[in-house]
Amino acid sequence: MTRPAPITSLQNSHVKRLVRLRTRREREQEGVILIEGAREIARAAASGVPLTTLFTCPDLFSPEAAQVAPTLTSLPELELSRAAFEKVSGRENPDGLLALAATPAPRCPNPAPTP
């Protein structure tokens, strides 16, 4: 199976959606969170956060991102060009990985029984 070509257009609907999702209001309306960075994505996955989509830019991969990306093969993956990834990134030096996840529900511990 061949990989689809990377998304290069800054006007692509996925790119526009990711730019909109940088605002809290849009994230709350869609019920999603953005997780950017190899370390953060690996921690979220290990914690059981339900990741839905992975956006990658191999041109920007840090050594850590190159190790983490192959472990996330079960996720739908969209590859972005360097310009498109830099547009959606909230970091000064992105490492080439960004994931979408459903907003996790807060977990409150059961209150202690009252006497």
Side-chain angles (χ1 to χ4, degrees):
M1 186 170 134
T2 61
R3 280 181 86 122
I7 296 170
T8 57
S9 172
L10 301 181
Q11 301 304 314
N12 181 283
S13 61
H14 292 291
V15 173
K16 287 182 172 185
R17 177 180 178 221
L18 290 171
V19 170
R20 281 193 320 269
L21 287 174
R22 290 194 316 204
T23 65
R24 180 179 177 180
R25 179 178 173 198
E26 290 292 327
R27 289 190 306 272
E28 286 178 351
Q29 283 179 347
E30 284 199 37
V32 297
I33 57 173
L34 288 173
I35 305 169
E36 186 172 356
R39 181 179 302 137
E40 292 80 1
I41 292 171
R43 287 180 180 171
S47 299
V49 173
L51 302 175
T52 58
T53 309
L54 182 67
F55 295 89
T56 63
C57 179
D59 292 346
L60 294 172
F61 274 3
S62 66
E64 189 173 9
Q67 289 179 335
V68 171
T71 67
L72 303 169
T73 56
S74 63
L75 293 175
E77 180 183 336
L78 293 172
E79 187 177 328
L80 302 176
S81 68
R82 180 183 207 102
F85 197 91
E86 287 175 345
K87 180 172 182 170
V88 302
S89 175
R91 293 183 168 187
E92 188 172 312
N93 296 311
D95 70 358
L97 288 180
L98 186 138
L100 284 180
T103 302
R107 296 182 198 152
C108 297
N110 292 333
T114 55

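Throughout, numbering of the chain's residues begins at 1 and tracks the sequence.
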| said: Using the side-chain hydrogen bond (donor to acceptor under 3.5 Å, both in side chains) criterion, which residues pair with E30? Sequence neighbours excluded. | reply: R17
| query | Out of curiosity, R20 CZ to R27 CZ, how far, rounded to the nearest 0.5 Å? | reply | 13.0 Å
| field | Transitive ILVMFWY side-chain link F61 to L72, under 4.5 Å | value | yes
Give the table of side-chain donor-acceptor pairs shorter than 3.5 Å for residues 34-41, with sequence neighbours excluded, one pair per line with atom names and distance.
from	atom 1	to	atom 2	distance (Å)
E36	OE1	G90	N	3.0
E36	OE2	S89	OG	2.4
E40	OE1	R91	NH2	3.1
E40	OE2	R91	NH2	3.0

| remark: Distance col, row S81:OG vs L10:CG, nearest 0.5 angstrom, shows 6.5 Å
| field | Within residues 61-72 or reaching into it, pairs that qualify as side-chain hydrogen bond (donor to acceptor under 3.5 Å, both in side chains) - sequence neighbours excluded | value | none
| remark: Exactly one candidate in V88, N12, L78 meets side chain to side chain contact (heavy atoms under 4.5 Å, CB included) with L18; the answer is V88
Ignoring hydrogens and angles, write down the donor-acceptor pairs under 3.5 Å from the side chains of residues 42-55, residues two or more places apart or on other chains.
from	atom 1	to	atom 2	distance (Å)
S47	OG	R43	O	2.9
T52	OG1	L100	O	3.1

| query | Listed by chain and number, what are the side-chain contact (heavy atoms from CB on, under 4.5 Å) partners of L60, not counting sequence neighbours? | reply | C57, R82, F85, E86, P94
| message | Using every non-hydrogen atom in the two residues, find where A84 and V15 come nearest and quote the distance to one decimal. | response | CB-CG2, 4.0 Å
| task | Look only at the side chain of T56 and the backbone of L97, and say whether a donor-acceptor pair between them is shorter than 3.5 Å. | result | no
| Contact summary for A65 and P70, nearest pair of heavy atoms | O-CD, 4.5 Å
| query | At what distance, to the nearest 0.5 angstrom, does NZ of K87 lie from CD of Q11? | reply | 5.5 Å
| remark: Value for CG (L21) from CD (E26), rounded to nearest 0.5 Å, stands at 6.5 Å
| remark: side-chain hydrogen bond (donor to acceptor under 3.5 Å, both in side chains) filter on R24, not counting sequence neighbours, yields E28
| Path from L98 to L75 over hydrophobic side-chain contacts below 4.5 Å | no
